[in-house]
There are 2 protein chains.
Amino acid sequence: MSGVKINTMEEFATVSGLSRPTISKYFNDPKSVRSSTRARIEAAIAEYDYHPNIYAMNQNRKLTNNVGIVVPYISDPVFAEHARALEEKCIEAGFRPTLFSSHGAPELEVEILDLLRSLKPAGVMLAPLGRTPNKAVIEKFCSDVPTVLFDSYLPDTGLGFVGSNNSQFAKLMIDYLCRTGEPPCFLEMKTPANPNANRRRIAYLEAMDALGFDPCVVGIDGTGWAFEEIGRSGGARALIEKSFSSNTVLCSNDRLAIGFLTACFEQKIRVGRESDCDIRVAGMDDHPFSRYTCPPLTTVAQDFNSVSKGTVDLLLDAIEGRDISETYTIFDGRLVMRESA
Amino acid sequence: MSGVKINTMEEFATVSGLSRPTISKYFNDPKSVRSSTRARIEAAIAEYDYHPNIYAMNQNRKLTNNVGIVVPYISDPVFAEHARALEEKCIEAGFRPTLFSSHGAPELEVEILDLLRSLKPAGVMLAPLGRTPNKAVIEKFCSDVPTVLFDSYLPDTGLGFVGSNNSQFAKLMIDYLCRTGEPPCFLEMKTPANPNANRRRIAYLEAMDALGFDPCVVGIDGTGWAFEEIGRSGGARALIEKSFSSNTVLCSNDRLAIGFLTACFEQKIRVGRESDCDIRVAGMDDHPFSRYTCPPLTTVAQDFNSVSKGTVDLLLDAIEGRDISETYTIFDGRLVMRESA
DNA sequence: GAAAAAAATTTACGCGCGTAAAAAATATTG
DNA sequence: CAATATTTTTTACGCGCGTAAATTTTTTTC
């Protein structure tokens, strides 16, 4: 590496013995220059460690190579996992992802979209909070910026949606639970932070009806994203009040289930599918820690990889002008049998 | 809001009846214009929804108002929590944080620093992976960009460091454990992903020595960031091989402890501090999930709030030219007694 | 080897804003 | 009210790069 400091593309063109427009072409698309030229440029980059000024580049480009990733709550390991997978795939595709978390706050979600707009991204992957107040803002944003929704569906918004088949999640688990024991009750938050919860409840009601069982939905209080604590305190109350009509509880998501398991532990209620147990507990999502609860949590695994791949692919297809055939894609979950049910 | 679309600052200056340099001054510092002028500008912003072009602004500014946040692994809830707290405090202070995760990969850490450099941020808050290969790269980066390290210390690097007093963490827990039962063994990864583990082991050895007990360090295999699985599989082996010289195990961190609790459960070893229990288990960090293990995990709580506040404050002091008196700050942990020990 | 095609160069302008300097307008002070 | 201080305007240049058009050079084709 040479000691000379190259600051502008002009200077870099000089030292590499080429013209600036050629260098510019190279940085916009390396394959657009002859391979011998490309080699010279890359040798010069290695020698002078030149990087074009990002701001000057993006100022004039019709489209930047930025993509935005917005998740509702980064501290939720399920979304952290989503974000990680999406970032990886964007980088592979040559885009520069920027990650934002709404931290559960609708106002912050609006601010993030504002900022994203001024970042002129090539596209955005958005998992909305799913709170009604922001509906109009998100629709407006999607009509300005190419946006793919994931995880949480909003009708007629954005280029499309990729997510999980929440109905299938619930049906799959209910079938399993009914086949192997008593039909489950359904434990959920009365006012869920995440709209997928509604699909899961509806699927529960439908599946129970189809199987000829009486449903039993237990709604617990609590707002916000501290699901474990809500599951623990609300679950404890439900146990004391004997709200469950069977010895099997399907929780709306794993984080709720994790809290509920703690409530069971505190009341010395033995959880599991063996004969000496009092209750069976199941969740949905395959949260990274579900494997490590005691007993390990039986759940339905989200197909993170397919969802993230589908999300990135859909966005890139749209950005790069390929026709997007499927605008609504959902992936089935996989039953993960562990000891809790 | 008017229907007219304002694209440039020039146009915006016209419609607001002021000159462009005044508008420019306003956006660089609203307080730098007379309050009556400020009011006119803000009224015009509300009416025309004008936002200056971020790229054009940053191109010429000596300093942007971007700050970078880099964590080693965003899917680790401890770092997700750190990131959330740092983001919040940056936004409050009027800066624009961008979050990056190295995903445990040293190459990615280098790429992130490269990108950050070209983003010309006002400053960076970096929790390094702590792998030796990147030492030189990070030192170089810190000499170019105002950087505060957090969580993981590197000597003589950056503006300063803010983190936890890992020695105190270990001593605090060991004192408690020795006071209430048998002296603990120490469970850790042989090759820890995070350098804080070394401090904790050293503190363990010192504390045991000071109390006149024989130390017993159990190192388990495994690399990477899947700590729970490492704790479970390695812990299971250690239990079978009877590697622990006492009935008390202090784990190097909570995630390891969570996996170890699962190993105990699988082998029907009762965990807790009551008389009918076989083993006591403790961790360090106060991982968000530790409250919900069965039994709930006794641990030492990191002072997330003080660390994140200290990190942001140190960086902003440096950016805004105040003298930074303390360049190495660590915060003590708080004992969180739960049922596991 | 000449003709055609492809790639690189030259020239020149524009992007949207920062910012400096001097002049003009407005506000503050006694 | 004049004198001074503060704020705003006018004018003008520069930042680093995208990009278009015309020209020249290099490569490919037969």
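Side chains included, hydrogens not; waters and symmetry mates left out as well; all remaining heavy atoms used. Since we're looking at a predicted model, the values are computed, not measured. Below, read A as the first sequence line, B as the second, and so on, with proteins coming before strands; counting in each chain starts at 1.
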- Message: Just the rounded figure in Å: distance from C1' of dA7(C) to OH of Tyr26(A).
- Response: 17 Å
- Query: Tyr48(B) and Glu11(B): side-chain donor and acceptor closer than 3.5 Å?
  - Reply: no
For a quick test of your reading: what N or O donor-acceptor pairs under 3.5 Å do the side chains of residues 133-142 of chain A make, sequence neighbours left out?
unit_1, atom_1, unit_2, atom_2, d
Asn134(A), ND2, Pro106(A), O, 2.9
Asn134(A), ND2, Glu109(A), OE1, 2.8
Lys135(A), NZ, Glu139(A), OE2, 3.0
Lys140(A), NZ, Asp144(A), OD2, 3.0

- Interatomic distance where NE2 belongs to His51(A) and C1' belongs to dC17(D) [whole Å]: 16 Å
- Query: Given atom CG of Asn58(B) and atom P of dT19(C), what is their separation to the nearest angstrom?
  - Reply: 11 Å
- Query: Taking only side-chain nitrogens and oxygens of Ser24(B), does any of them come within less than 4.0 Å of OP1 or OP2 of dC17(C)?
  - Reply: no
- For dG18(D), does either OP1 or OP2 sit under 4.0 Å from a side-chain N or O belonging to Asn28(A)? yes
- Salt bridge Arg84(B)-Glu87(B), side-chain N to carboxylate O under 4.0 Å: no
- Note on the structure: Partner of Val162(B) under side-chain contact (heavy atoms from CB on, under 4.5 Å), picked from Asp313(B), Thr311(B), Asp151(B), Leu149(B), is Thr311(B)
- Message: Generate the contact string for nucleotides 4-16 of chain D. Rules: B means base contact, S means sugar-phosphate contact only, - means no protein heavy atom under 4.0 Å.
- Response: ---SSBBBB-BBB
- Task: Let me know the distance between CE of Met57(B) and P of dT19(C), rounded to the nearest Å.
- Result: 9 Å
- Looking only at heavy atoms, which two atoms of Cys90(B) and Val312(B) are closest? And how far apart? SG-CG2, 4.3 Å
- Going by the angle between their ring planes, with limits at 30° and 60°, are His103(B) and Tyr73(B) parallel, tilted or perpendicular? perpendicular
